[in-house]
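Remarks on the structure that follows.
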Amino acid sequence: MTNPTENWSKLSPRQAIELQTQMASQVIQQDDLPEVRTVAGVDVGFENRDTARAAIVVLRLEDLEPLDYAIARLPVAMPYIPGLLSFRECPVILEALDKLRMQPDLLLCDGQGIAHPRRLGVASHTGILTGLPTIGVGKSRLTGQHGPVPDKKGAWVPLTDKDEVIGAVLRTRVGVKPLYISPGHRVSLPTAIHYVMACVTRYRLPETTRWADGVASARGQRWLERLRDLTGPA
DNA sequence: GCGACAG
DNA sequence: ATCTTGTCGC
């Protein structure tokens, strides 16, 4: 009854776009976050055409060990339209966040933050809705342009739109496609890059995303067993 | 009008 | 996102 997303399914694409433009003005692109002790990753998977499943896993930043997790399922209310992803995924993401026993200091989302046509990708939108500091971690580009990224771990080049820097294209591992990092909410670009790299070990994706991906995906049972083991049930 | 287009 | 096994390469 107080869920800000409950009427989204009635929005036309044009109304959704208008709402994005409006909400984008609330995004804070500067650092405004507490001392980060825990980082969470969130991902949304689809069990079928009309059921979304969100998985969130909270890790201790220090050693990247899982501390808590939550899973939520919800009927899909909107189709996938490039640029309007958050209207499809935010409802179930909020549901999963509610179930967590421990709120994270920072949240890494699949997809873009401000690297979006109206500067309100799913990470920024989630940040505005929850107040949490967020970072967008995209596996591919939505908008913006960039030059070649040096093939060295940690190397990055700016992602720009006109004269504005909207993110970074970051090489998290040699020999693989780079990631598209952008501030979601209450985090600057340098800080976003910093924390993403702090969560990267030997894989392309940060551990936060790897855990969330594993659990949200169809073959998530395997990951769940490990989680229950490390964090306890629920 | 013609492409591009997160998950 | 999802449908899906093996396979090429560092």
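Numbered from 1 within each chain, the chains take letters A, B, ... in sequence-line order. For the numbers below, each heavy atom of this structure counts, side chains included, while hydrogens, waters and symmetry mates do not.
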> Leu84(A) near the nucleic acid: base, sugar-phosphate alone, or nothing, with a heavy-atom cut-off under 4.0 Å?
Replying inline: base

>> By the 4.0 Å heavy-atom rule, please label Gly136(A) as base, sugar-phosphate, or nothing.
In response: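 Touches nothing.
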
>> Donor-acceptor pair, distance only, cut-off 3.5 Å: does the side chain of Thr191(A) make one with the backbone of Val187(A)?
In response: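 No, the answer is negative, given that no donor and acceptor are paired below the 3.5 Å cut-off.
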
> So what's the dot-bracket for DNA chain B: Watson-Crick or G-U pairs under 3.5 Å, [ ] if a pair crosses, | if it pairs off-strand?
Replying inline: .......

Ignoring the backbone of [X], work out which of [options] is nearest its side chain.
X         : options                : answer
Asp110(A) : dC5(B), dG7(B), dA6(B) : dG7(B)
Val122(A) : dG7(B), dA6(B), dC5(B) : dA6(B)
Arg88(A)  : dC5(B), dA6(B), dG7(B) : dG7(B)
Lys139(A) : dA1(C), dC5(B), dA6(B) : dA1(C)

> Can you name the nearest heavy-atom pair linking Pro117(A) to Leu142(A), along with the distance?
Replying inline: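 So the minimum-distance heavy-atom pair works out to CD-CD1, 3.6 Å.
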
> Considering residues, nucleotides and ligands other than Glu65(A), do more than 12 of their heavy atoms fall under 6.0 Å from its CD?
Replying inline: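 Yes, enclosed.
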
> For Asp63(A), does the CG atom sit with more than 12 other heavy atoms under 6.0 Å from it, leaving out its own atoms?
Replying inline: yes

Please report the interatomic distance [atom1]([X]) to [atom2]([Y]), rounded to the nearest 0.5 Å.
X         : Y         : atom1 : atom2 : result
Met197(A) : Arg171(A) : CE    : CZ    : 11.5 Å
Leu64(A)  : Trp211(A) : CG    : CH2   : 11.0 Å
Ile181(A) : Leu159(A) : CD1   : CG    : 10.5 Å
Glu95(A)  : Leu74(A)  : CD    : CG    : 5.5 Å

Whether [X] contacts [N] is assessed here as follows: a side-chain N or O lying under 4.0 Å from the phosphate OP1 or OP2. Is that the case?
X         : N      : answer
Ser140(A) : dG7(B) : yes
Arg141(A) : dC5(B) : yes
Tyr80(A)  : dA6(B) : yes

> Any side-chain heavy atom of Leu129(A) sitting closer than 4.5 Å to one from Ile93(A)?
Replying inline: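 Sidechains of Ile93(A) and Leu129(A): no contact.
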
> Does any non-hydrogen side-chain atom of Leu67(A) lie less than 4.5 Å from one of Met102(A)?
Replying inline: yes

> Between residues 41-52 of chain A and DNA chain C, which residues have a heavy-atom gap below 4.0 Å?
Replying inline: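 Correct list: Gly45(A), Phe46(A).
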
> Do Ser12(A) and Gln15(A) have side-chain atoms, one donor and one acceptor, less than 3.5 Å apart?
Replying inline: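 Result is yes, a qualifying pair exists.
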
> Where each pair must be Watson-Crick or G-U wobble with both distances under 3.5 Å, what dot-bracket representation of DNA chain C is obtained, with crossing pairs in [ ] and other-strand partners as |?
Replying inline: ..........

